[in-house]
Amino acid sequence: EASIMRPKGYTVSFHCNPDMEKHHFGMTHPMKPWRLTLSKSLIYSYGMSFAMDNYVSRAATYEELADFHSTDYLDFLGTVLPEPVPRDLENQNPDLKFNLGGSDCPLFEGLYDYCSMSAGGALDAARKICSKQSDIAIAWGGGLHHAKKAEASGFCYINDIVIAILQLLRFHPRVLYIDIDVHHGDGVEEAFFSTDRVMTVSFHKYDPNNFFPGTGALDDNGPKNEHNSGAHHAVNVPLQDGITDEQYDMLYNTIIGRIVEKFRPSAIALQCGADSLAGDRLGRFNLQVQGHGACVEFCKRMNLPLILFGGGGYTPRNVARAWTYETSIAIGCQDKINPILPQHTPWRDQFRQDTLFPTLEQILGEPRLNKNPPKRLQEIVQHVTEQLRFVQA
Ligand code: ZLS
Ligand code: CA
Ligand code: ZN
(Lines give C-alpha, C1' and ligand atoms only; values in the text may rest on other atoms or scores of the structure.)
(Ligands and ions follow the chains in the order given, each with its own letter.)
Protein backbone atom coordinates (compact mmCIF):
# COMPACT_ATOMS: atom_id res chain seq x y z
CA GLU A 1 0.00 0.00 0.00
CA ALA A 2 1.25 3.48 -0.89
CA SER A 3 0.94 4.82 2.64
CA ILE A 4 3.42 2.21 3.84
CA MET A 5 5.95 3.29 1.24
CA ARG A 6 6.19 6.94 2.24
CA PRO A 7 6.46 8.71 5.56
CA LYS A 8 3.14 10.03 6.77
CA GLY A 9 2.51 13.41 5.20
CA TYR A 10 1.34 16.29 7.29
CA THR A 11 -0.96 19.22 6.75
CA VAL A 12 -0.34 22.87 7.46
CA SER A 13 -3.32 25.23 7.57
CA PHE A 14 -3.10 29.00 7.30
CA HIS A 15 -5.84 31.12 8.86
CA CYS A 16 -6.25 34.81 8.14
CA ASN A 17 -8.84 37.48 7.58
CA PRO A 18 -7.87 40.36 5.28
CA ASP A 19 -10.51 42.61 6.87
CA MET A 20 -8.65 42.49 10.18
CA GLU A 21 -5.57 44.10 8.67
CA LYS A 22 -7.36 47.28 7.65
CA HIS A 23 -7.82 48.54 11.20
CA HIS A 24 -5.77 51.36 12.70
CA PHE A 25 -4.83 51.92 16.34
CA GLY A 26 -3.80 55.51 15.49
CA MET A 27 -0.88 57.18 13.73
CA THR A 28 1.72 56.97 16.50
CA HIS A 29 0.60 53.68 17.99
CA PRO A 30 3.26 50.96 17.62
CA MET A 31 0.76 48.18 16.83
CA LYS A 32 0.26 48.16 13.06
CA PRO A 33 -2.24 45.58 11.79
CA TRP A 34 -0.93 46.09 8.22
CA ARG A 35 2.22 44.16 9.25
CA LEU A 36 -0.08 41.13 8.69
CA THR A 37 -0.65 42.23 5.09
CA LEU A 38 3.09 42.70 4.64
CA SER A 39 3.78 39.23 6.07
CA LYS A 40 1.15 37.57 3.92
CA SER A 41 2.34 39.21 0.73
CA LEU A 42 5.86 37.91 1.38
CA ILE A 43 4.53 34.43 2.22
CA TYR A 44 2.46 34.40 -0.97
CA SER A 45 5.33 35.80 -3.07
CA TYR A 46 7.34 32.74 -2.11
CA GLY A 47 4.48 30.57 -3.29
CA MET A 48 3.99 29.02 0.13
CA SER A 49 0.19 29.08 -0.10
CA PHE A 50 0.46 26.14 -2.52
CA ALA A 51 1.86 24.00 0.28
CA MET A 52 -0.85 24.84 2.82
CA ASP A 53 -4.61 24.70 3.26
CA ASN A 54 -5.66 28.35 3.21
CA TYR A 55 -8.71 29.55 5.08
CA VAL A 56 -10.30 32.97 5.39
CA SER A 57 -11.36 32.82 9.00
CA ARG A 58 -14.72 34.05 10.21
CA ALA A 59 -15.14 36.43 13.10
CA ALA A 60 -15.67 34.68 16.44
CA THR A 61 -19.21 34.94 17.78
CA TYR A 62 -20.18 36.64 21.03
CA GLU A 63 -20.75 33.21 22.60
CA GLU A 64 -17.29 32.03 21.56
CA LEU A 65 -15.68 35.14 23.08
CA ALA A 66 -17.75 34.61 26.23
CA ASP A 67 -16.01 31.24 26.72
CA PHE A 68 -13.34 33.33 28.42
CA HIS A 69 -14.44 36.95 28.65
CA SER A 70 -17.11 38.35 30.96
CA THR A 71 -20.31 39.43 29.27
CA ASP A 72 -20.10 42.85 31.01
CA TYR A 73 -16.81 43.45 29.30
CA LEU A 74 -17.97 42.12 25.91
CA ASP A 75 -21.14 44.20 26.02
CA PHE A 76 -19.11 47.33 26.70
CA LEU A 77 -16.54 46.45 24.03
CA GLY A 78 -19.35 45.99 21.53
CA THR A 79 -20.81 49.44 22.11
CA VAL A 80 -17.88 51.80 22.78
CA LEU A 81 -17.02 54.14 19.98
CA PRO A 82 -13.93 56.19 19.33
CA GLU A 83 -14.22 59.69 20.74
CA PRO A 84 -15.43 62.06 18.04
CA VAL A 85 -13.10 64.85 19.15
CA PRO A 86 -9.60 64.54 20.59
CA ARG A 87 -9.57 64.65 24.35
CA ASP A 88 -8.98 68.09 25.75
CA LEU A 89 -6.49 68.76 28.51
CA GLU A 90 -8.80 68.45 31.50
CA ASN A 91 -9.97 65.11 30.12
CA GLN A 92 -6.46 63.66 29.77
CA ASN A 93 -6.87 61.04 32.45
CA PRO A 94 -10.41 59.71 32.21
CA ASP A 95 -11.52 56.85 34.42
CA LEU A 96 -10.91 54.01 32.07
CA LYS A 97 -13.63 51.41 32.10
CA PHE A 98 -12.08 47.94 31.61
CA ASN A 99 -8.82 49.79 30.83
CA LEU A 100 -10.28 50.80 27.46
CA GLY A 101 -9.55 54.10 25.76
CA GLY A 102 -6.09 54.86 27.15
CA SER A 103 -3.04 55.24 24.91
CA ASP A 104 -2.08 51.53 25.03
CA CYS A 105 -5.61 50.25 24.30
CA PRO A 106 -7.28 53.05 22.34
CA LEU A 107 -10.79 52.92 21.00
CA PHE A 108 -10.82 52.88 17.23
CA GLU A 109 -13.23 52.41 14.36
CA GLY A 110 -14.27 48.75 14.06
CA LEU A 111 -12.54 47.70 17.30
CA TYR A 112 -15.03 44.91 18.06
CA ASP A 113 -14.73 43.51 14.52
CA TYR A 114 -10.94 43.60 14.74
CA CYS A 115 -10.99 41.66 18.02
CA SER A 116 -13.53 39.08 16.94
CA MET A 117 -11.62 38.45 13.70
CA SER A 118 -8.36 37.90 15.57
CA ALA A 119 -10.12 35.40 17.85
CA GLY A 120 -11.92 33.78 14.90
CA GLY A 121 -8.62 32.92 13.21
CA ALA A 122 -7.17 31.44 16.39
CA LEU A 123 -10.31 29.43 17.06
CA ASP A 124 -10.45 28.09 13.49
CA ALA A 125 -6.83 27.02 13.88
CA ALA A 126 -7.67 25.19 17.13
CA ARG A 127 -10.64 23.46 15.52
CA LYS A 128 -8.49 22.20 12.62
CA ILE A 129 -6.08 20.75 15.19
CA CYS A 130 -8.91 19.12 17.19
CA SER A 131 -10.42 17.53 14.08
CA LYS A 132 -6.93 16.38 13.01
CA GLN A 133 -7.38 18.08 9.67
CA SER A 134 -4.15 19.98 10.34
CA ASP A 135 -0.94 19.04 12.05
CA ILE A 136 0.27 22.63 12.20
CA ALA A 137 -2.24 25.50 12.12
CA ILE A 138 -1.02 29.08 11.66
CA ALA A 139 -2.90 32.16 12.92
CA TRP A 140 -0.54 35.16 12.61
CA GLY A 141 -3.45 37.50 13.41
CA GLY A 142 -3.72 36.04 16.91
CA GLY A 143 -1.36 35.95 19.88
CA LEU A 144 -2.81 38.80 21.93
CA HIS A 145 -1.61 37.42 25.23
CA HIS A 146 -2.23 40.32 27.67
CA ALA A 147 -6.05 40.51 27.49
CA LYS A 148 -7.83 39.51 30.73
CA LYS A 149 -11.28 38.14 31.42
CA ALA A 150 -12.72 41.62 31.93
CA GLU A 151 -9.91 43.97 30.98
CA ALA A 152 -7.94 45.17 28.00
CA SER A 153 -4.17 45.42 28.48
CA GLY A 154 -1.05 46.13 26.42
CA PHE A 155 -2.62 46.50 22.95
CA CYS A 156 -4.75 43.36 23.59
CA TYR A 157 -8.55 43.39 24.03
CA ILE A 158 -9.59 39.79 23.43
CA ASN A 159 -7.38 36.87 24.42
CA ASP A 160 -7.61 34.71 21.31
CA ILE A 161 -4.96 32.34 22.72
CA VAL A 162 -7.00 31.49 25.81
CA ILE A 163 -10.10 30.95 23.67
CA ALA A 164 -8.14 28.65 21.31
CA ILE A 165 -6.58 26.66 24.18
CA LEU A 166 -10.02 26.21 25.79
CA GLN A 167 -11.06 24.64 22.47
CA LEU A 168 -7.97 22.36 22.45
CA LEU A 169 -8.81 21.24 26.00
CA ARG A 170 -12.09 19.75 24.75
CA PHE A 171 -10.01 17.11 22.91
CA HIS A 172 -6.57 17.23 24.49
CA PRO A 173 -5.76 16.24 28.08
CA ARG A 174 -2.71 18.52 28.36
CA VAL A 175 -1.65 21.58 26.39
CA LEU A 176 1.77 23.23 26.53
CA TYR A 177 1.70 26.99 25.94
CA ILE A 178 5.00 28.64 24.95
CA ASP A 179 5.43 32.41 24.57
CA ILE A 180 8.51 33.91 22.86
CA ASP A 181 7.15 37.46 22.65
CA VAL A 182 9.55 39.86 24.43
CA HIS A 183 6.73 40.65 26.89
CA HIS A 184 5.46 38.34 29.65
CA GLY A 185 2.42 36.26 28.60
CA ASP A 186 0.51 37.33 31.71
CA GLY A 187 -3.07 36.99 30.40
CA VAL A 188 -2.62 33.35 29.35
CA GLU A 189 -0.71 32.48 32.53
CA GLU A 190 -3.50 33.99 34.67
CA ALA A 191 -6.31 32.28 32.74
CA PHE A 192 -4.84 28.81 33.36
CA PHE A 193 -3.27 29.57 36.75
CA SER A 194 -5.34 26.99 38.63
CA THR A 195 -5.22 24.00 36.31
CA ASP A 196 -2.63 21.31 35.71
CA ARG A 197 -3.96 20.69 32.19
CA VAL A 198 -2.12 23.70 30.75
CA MET A 199 1.50 24.47 31.41
CA THR A 200 2.44 28.02 30.47
CA VAL A 201 6.02 29.02 29.66
CA SER A 202 7.02 32.60 28.87
CA PHE A 203 10.44 33.90 27.88
CA HIS A 204 10.57 37.67 28.31
CA LYS A 205 12.47 40.79 29.21
CA TYR A 206 11.95 41.22 32.97
CA ASP A 207 12.40 44.52 34.74
CA PRO A 208 9.46 44.99 37.12
CA ASN A 209 9.70 48.77 37.25
CA ASN A 210 10.68 49.64 33.71
CA PHE A 211 9.29 47.06 31.33
CA PHE A 212 5.70 46.06 30.64
CA PRO A 213 3.86 44.28 32.23
CA GLY A 214 6.35 43.84 35.10
CA THR A 215 5.27 40.30 36.04
CA GLY A 216 6.90 36.94 35.30
CA ALA A 217 9.71 36.54 37.85
CA LEU A 218 11.64 33.26 37.90
CA ASP A 219 9.89 32.07 41.06
CA ASP A 220 6.36 32.97 39.96
CA ASN A 221 5.33 29.40 39.19
CA GLY A 222 1.62 29.23 39.87
CA PRO A 223 -0.49 29.10 43.04
CA LYS A 224 1.62 28.86 46.21
CA ASN A 225 -0.92 26.46 47.74
CA GLU A 226 0.31 22.94 46.99
CA HIS A 227 -3.26 21.64 46.99
CA ASN A 228 -4.11 23.80 44.00
CA SER A 229 -3.56 21.63 40.92
CA GLY A 230 -2.08 24.60 39.05
CA ALA A 231 0.90 24.75 41.44
CA HIS A 232 4.26 24.56 39.56
CA HIS A 233 2.51 24.78 36.17
CA ALA A 234 3.67 28.30 35.27
CA VAL A 235 7.25 28.59 34.04
CA ASN A 236 8.86 32.01 33.73
CA VAL A 237 12.16 32.77 32.05
CA PRO A 238 13.07 36.37 32.91
CA LEU A 239 15.81 37.78 30.66
CA GLN A 240 17.74 41.01 30.21
CA ASP A 241 18.56 43.17 27.19
CA GLY A 242 20.61 41.87 24.32
CA ILE A 243 20.17 38.10 24.60
CA THR A 244 21.68 36.30 21.58
CA ASP A 245 20.49 33.41 19.39
CA GLU A 246 23.00 31.03 20.98
CA GLN A 247 21.96 31.81 24.56
CA TYR A 248 18.26 31.75 23.77
CA ASP A 249 18.61 28.48 21.88
CA MET A 250 20.39 26.84 24.82
CA LEU A 251 17.70 27.98 27.28
CA TYR A 252 14.79 27.14 25.01
CA ASN A 253 15.97 23.66 24.02
CA THR A 254 16.92 22.68 27.55
CA ILE A 255 13.77 24.03 29.18
CA ILE A 256 11.21 23.02 26.57
CA GLY A 257 12.91 19.63 26.12
CA ARG A 258 12.59 18.86 29.83
CA ILE A 259 9.03 20.14 30.01
CA VAL A 260 7.87 17.97 27.13
CA GLU A 261 9.54 14.98 28.82
CA LYS A 262 7.88 15.63 32.18
CA PHE A 263 4.51 17.20 31.33
CA ARG A 264 3.89 15.12 28.17
CA PRO A 265 1.56 17.56 26.42
CA SER A 266 -0.69 16.26 23.66
CA ALA A 267 -0.65 19.61 21.82
CA ILE A 268 1.51 22.74 21.75
CA ALA A 269 0.38 26.35 21.36
CA LEU A 270 3.29 28.66 20.46
CA GLN A 271 2.99 32.45 20.57
CA CYS A 272 5.60 33.77 18.12
CA GLY A 273 5.67 37.47 19.06
CA ALA A 274 8.28 39.03 16.76
CA ASP A 275 9.21 41.86 19.14
CA SER A 276 11.94 39.59 20.54
CA LEU A 277 13.89 40.19 17.30
CA ALA A 278 16.87 42.53 17.14
CA GLY A 279 15.95 46.00 15.90
CA ASP A 280 12.37 45.90 17.19
CA ARG A 281 10.87 49.30 18.05
CA LEU A 282 9.76 48.14 21.51
CA GLY A 283 11.90 45.04 22.08
CA ARG A 284 15.29 44.70 23.76
CA PHE A 285 16.68 41.37 22.53
CA ASN A 286 19.23 40.54 19.81
CA LEU A 287 17.47 37.55 18.26
CA GLN A 288 17.91 37.01 14.54
CA VAL A 289 15.27 35.50 12.25
CA GLN A 290 17.18 32.19 12.52
CA GLY A 291 17.21 32.15 16.31
CA HIS A 292 13.53 33.09 16.55
CA GLY A 293 12.65 30.45 13.95
CA ALA A 294 14.70 27.81 15.78
CA CYS A 295 12.01 27.88 18.50
CA VAL A 296 9.39 26.92 15.93
CA GLU A 297 11.65 24.23 14.50
CA PHE A 298 12.23 22.73 17.92
CA CYS A 299 8.47 22.50 18.58
CA LYS A 300 7.84 20.99 15.18
CA ARG A 301 10.40 18.27 15.92
CA MET A 302 8.34 17.26 18.99
CA ASN A 303 5.87 15.83 16.48
CA LEU A 304 2.80 17.07 18.36
CA PRO A 305 -0.17 19.01 16.97
CA LEU A 306 0.97 22.63 16.91
CA ILE A 307 -0.68 26.04 16.65
CA LEU A 308 1.44 29.05 15.74
CA PHE A 309 0.10 32.43 16.86
CA GLY A 310 1.46 35.87 16.05
CA GLY A 311 1.69 38.50 18.78
CA GLY A 312 3.90 41.56 19.19
CA GLY A 313 6.29 42.85 16.53
CA TYR A 314 6.78 46.56 15.93
CA THR A 315 9.25 46.79 13.06
CA PRO A 316 6.90 45.52 10.33
CA ARG A 317 9.48 44.41 7.75
CA ASN A 318 11.20 42.25 10.38
CA VAL A 319 7.88 40.82 11.54
CA ALA A 320 7.21 39.81 7.93
CA ARG A 321 10.66 38.22 7.65
CA ALA A 322 10.23 36.16 10.82
CA TRP A 323 6.69 34.96 10.16
CA THR A 324 7.54 34.13 6.54
CA TYR A 325 10.58 32.13 7.64
CA GLU A 326 8.47 30.39 10.31
CA THR A 327 5.76 29.57 7.78
CA SER A 328 8.49 27.94 5.66
CA ILE A 329 9.60 25.92 8.70
CA ALA A 330 6.02 24.73 9.26
CA ILE A 331 5.83 23.60 5.64
CA GLY A 332 9.36 22.19 5.79
CA CYS A 333 10.83 24.17 2.90
CA GLN A 334 13.15 26.48 4.87
CA ASP A 335 16.27 25.06 3.25
CA LYS A 336 14.89 25.38 -0.24
CA ILE A 337 13.75 28.99 -0.40
CA ASN A 338 15.75 31.79 -1.99
CA PRO A 339 17.29 33.99 0.70
CA ILE A 340 17.08 37.02 -1.62
CA LEU A 341 13.59 38.47 -1.27
CA PRO A 342 11.36 37.91 -4.30
CA GLN A 343 11.56 40.74 -6.86
CA HIS A 344 7.83 41.01 -7.24
CA THR A 345 6.91 41.49 -3.60
CA PRO A 346 4.40 44.33 -3.79
CA TRP A 347 5.95 45.85 -0.66
CA ARG A 348 9.56 45.74 -1.77
CA ASP A 349 10.12 49.39 -0.76
CA GLN A 350 9.59 48.40 2.87
CA PHE A 351 12.46 45.93 2.70
CA ARG A 352 14.67 48.32 0.69
CA GLN A 353 14.93 50.35 3.88
CA ASP A 354 17.59 47.84 4.86
CA THR A 355 19.78 47.33 1.79
CA LEU A 356 19.53 47.37 -1.98
CA PHE A 357 19.32 43.57 -2.08
CA PRO A 358 17.32 42.70 1.00
CA THR A 359 17.31 39.10 2.19
CA LEU A 360 14.84 37.09 4.22
CA GLU A 361 17.06 36.54 7.23
CA GLN A 362 19.19 39.65 7.46
CA ILE A 363 17.61 42.17 9.78
CA LEU A 364 19.15 45.55 10.37
CA GLY A 365 19.47 47.29 13.68
CA GLU A 366 22.22 48.14 16.13
CA PRO A 367 22.88 45.10 18.33
CA ARG A 368 22.07 45.82 21.95
CA LEU A 369 24.60 45.30 24.71
CA ASN A 370 24.16 41.78 26.09
CA LYS A 371 23.25 41.97 29.77
CA ASN A 372 22.70 38.22 30.33
CA PRO A 373 25.69 36.71 32.17
CA PRO A 374 26.10 32.95 31.51
CA LYS A 375 25.94 32.34 35.27
CA ARG A 376 22.40 33.77 35.43
CA LEU A 377 21.27 31.55 32.55
CA GLN A 378 22.56 28.52 34.45
CA GLU A 379 20.60 29.64 37.50
CA ILE A 380 17.45 29.83 35.39
CA VAL A 381 17.94 26.31 34.00
CA GLN A 382 18.62 25.07 37.53
CA HIS A 383 15.47 26.68 38.93
CA VAL A 384 13.22 25.31 36.18
CA THR A 385 14.75 21.84 36.53
CA GLU A 386 13.95 21.85 40.24
CA GLN A 387 10.46 23.17 39.60
CA LEU A 388 9.78 20.33 37.17
CA ARG A 389 10.44 17.75 39.88
CA PHE A 390 6.96 18.66 41.17
CA VAL A 391 5.31 18.14 37.79
CA GLN A 392 3.99 14.89 36.46
CA ALA A 393 1.85 13.98 33.48
O1 ZLS B 1 3.11 41.86 24.22
O2 ZLS B 1 4.53 50.31 29.21
C3 ZLS B 1 3.32 50.38 29.06
C4 ZLS B 1 2.44 51.19 29.98
C5 ZLS B 1 2.62 52.56 30.11
C6 ZLS B 1 3.75 53.27 29.42
C7 ZLS B 1 3.34 53.77 28.04
N8 ZLS B 1 2.17 54.67 28.15
C9 ZLS B 1 1.82 55.13 26.81
C10 ZLS B 1 1.03 53.96 28.78
C11 ZLS B 1 1.41 53.45 30.18
C12 ZLS B 1 2.91 51.71 31.22
N13 ZLS B 1 2.70 49.75 28.05
C14 ZLS B 1 3.43 49.00 27.06
C15 ZLS B 1 2.51 47.95 26.44
C16 ZLS B 1 3.25 46.97 25.60
C17 ZLS B 1 2.30 45.96 25.01
C18 ZLS B 1 3.01 44.85 24.26
C19 ZLS B 1 2.01 43.93 23.60
C20 ZLS B 1 2.58 42.60 23.15
O21 ZLS B 1 3.64 42.78 22.25
C22 ZLS B 1 1.50 41.71 22.52
C23 ZLS B 1 0.82 42.26 21.35
C24 ZLS B 1 3.97 49.91 26.04
N25 ZLS B 1 5.22 49.83 25.57
C26 ZLS B 1 5.33 50.83 24.65
C27 ZLS B 1 4.14 51.50 24.60
N28 ZLS B 1 3.31 50.91 25.46
C29 ZLS B 1 3.82 52.63 23.76
C30 ZLS B 1 4.78 53.22 22.95
C31 ZLS B 1 4.46 54.32 22.12
C32 ZLS B 1 3.16 54.80 22.12
C33 ZLS B 1 2.52 55.88 21.35
C34 ZLS B 1 1.12 55.33 21.24
C35 ZLS B 1 0.97 54.99 22.71
C36 ZLS B 1 1.22 56.37 23.28
C37 ZLS B 1 2.27 56.99 22.36
C38 ZLS B 1 2.24 54.24 22.90
C39 ZLS B 1 2.54 53.16 23.72
CA1 CA C 1 7.01 36.07 26.35
ZN1 ZN D 1 5.25 41.96 23.03
Side-chain angles (χ1 to χ4, degrees), residues 20 23-33 35-36 86-87 92-94 96 99-108 114-115 118-119 122 139-148 151-162 176-190 199-218 220 234-240 243 248 251-252 255-256 269-277 279-285 287 292 295-296 308-316 318-319 322-323 380:
M20 183 186 169
H23 293 85
H24 291 276
F25 281 62
M27 277 260 286
T28 59
H29 199 286
M31 178 57 99
K32 311 280 184 203
R35 72 208 170 112
L36 294 166
R87 274 190 214 96
Q92 273 284 325
N93 207 352
L96 301 180
N99 196 31
L100 287 165
S103 50
D104 271 357
C105 302
L107 302 175
F108 54 83
Y114 165 84
C115 298
S118 158
W140 295 135
L144 306 178
H145 58 179
H146 298 305
K148 311 285 154 53
E151 197 184 295
S153 171
F155 320 161
C156 306
Y157 306 80
I158 291 289
N159 203 315
D160 59 285
I161 305 170
V162 172
L176 172 60
Y177 172 68
I178 308 169
D179 187 316
I180 62 170
D181 190 290
V182 75
H183 298 97
H184 177 224
D186 56 351
V188 184
E189 179 183 284
E190 185 181 303
M199 177 163 251
T200 60
V201 189
S202 176
F203 296 78
H204 46 267
K205 150 95 185 168
Y206 180 67
D207 183 351
N209 300 316
N210 298 306
F211 198 72
F212 187 86
T215 48
L218 185 59
D220 288 343
V235 174
N236 281 302
V237 183
L239 302 167
Q240 299 309 318
I243 193 163
Y248 203 91
L251 280 174
Y252 189 91
I255 291 172
I256 302 301
L270 174 58
Q271 196 266 21
C272 302
D275 49 6
S276 41
L277 291 171
D280 188 81
R281 180 174 162 197
L282 298 190
R284 306 291 180 86
F285 292 169
L287 295 190
H292 200 267
C295 300
V296 176
L308 303 180
F309 300 97
Y314 306 100
T315 301
N318 292 340
V319 177
W323 291 349
I380 293 173

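Basis for what follows: all heavy atoms, side chains included, without hydrogens, waters or symmetry-related copies. Indexing begins at 1, ligand by ligand and atom by atom, following the structure's order. Since we're looking at a predicted model, the values are computed, not measured.
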| task | For the residue pair Tyr157 and Phe25, categorise the inter-ring angle as parallel (less than 30°), tilted (30 to 60°) or perpendicular (more than 60°). | result | tilted

| field | Considering only N, O or S atoms of Asp179, the one closest to the Ca ion (ligand 2) | value | OD1

| Among the N, O or S atoms of Asp275, the one nearest the Zn ion (ligand 3) | OD2

| task | Test side-chain contact (heavy atoms from CB on, under 4.5 Å) on Phe285 and Asp280 and set out the steps. | result | CA-CA 8 Å; Phe285 292 169; Asp280 188 81; over 6 Å; no

| Metal proximity, Ser202 vs the Ca ion (ligand 2), N/O/S cut-off 3.0 Å | yes

| So which N/O/S atom does His183 have closest to the Zn ion (ligand 3)? | ND1

| said: Report whether any nitrogen, oxygen or sulfur of His145 sits less than 2.8 Å from the Zn ion (ligand 3) (N, O or S, backbone or side chain). | reply: no

| task | Ignoring hydrogens and angles, state whether a donor on the side chain of Asp181 or His204 is under 3.5 Å from an acceptor on the partner side chain. | result | no

| Leu270 side, atom CG; Leu308 side, atom CG - distance, nearest 0.5 Å | 5.5 Å

| request: May I have the step-by-step check of ring-ring contact (aromatic ring centres under 6.0 Å, His included) for Phe211 and His183, ending in yes or no? | output: CA-CA 8 Å; Phe211 198 72; His183 298 97; 4.9 Å; yes

| Angle class for the Phe108/His23 ring planes (parallel below 30°, perpendicular above 60°, tilted otherwise)? | tilted

| Checking Thr200 side chain against Ala234 main chain: does a donor-acceptor pair fall under 3.5 Å? | no

| request: I would like to know whether Trp140 and Val319 meet side-chain contact (heavy atoms from CB on, under 4.5 Å); could you show each step before the answer? | output: CA-CA 10 Å; Trp140 295 135; Val319 177; over 6 Å; no

| message | Would the distance check show the side chain of Ser118 and the main-chain N or O of Gly141 forming a donor-acceptor pair, the cut-off being under 3.5 Å? | response | yes

| message | What do you get for the angle at the Ca ion (ligand 2) between O on Phe203 and O on Asp181, to the nearest 10 degrees? | response | 70°

Output block, N or O contacts of ligand 1, threshold 3.5 Å exclusive:
unit_1	atom_1	unit_2	atom_2	d
ligand 1	1 (O)	His145	NE2	2.7
ligand 1	1 (O)	His146	NE2	2.7
ligand 1	1 (O)	Asp181	OD1	3.2
ligand 1	1 (O)	His183	ND1	3.1
ligand 1	13 (N)	Asp104	OD2	2.5
ligand 1	21 (O)	Asp181	OD2	3.4
ligand 1	21 (O)	His183	ND1	3.3
ligand 1	21 (O)	Asp275	OD2	3.0
ligand 1	21 (O)	Tyr314	OH	2.5
ligand 1	28 (N)	Asp104	OD1	2.9

| Of the N, O or S atoms in His183, the one nearest the Ca ion (ligand 2) | O

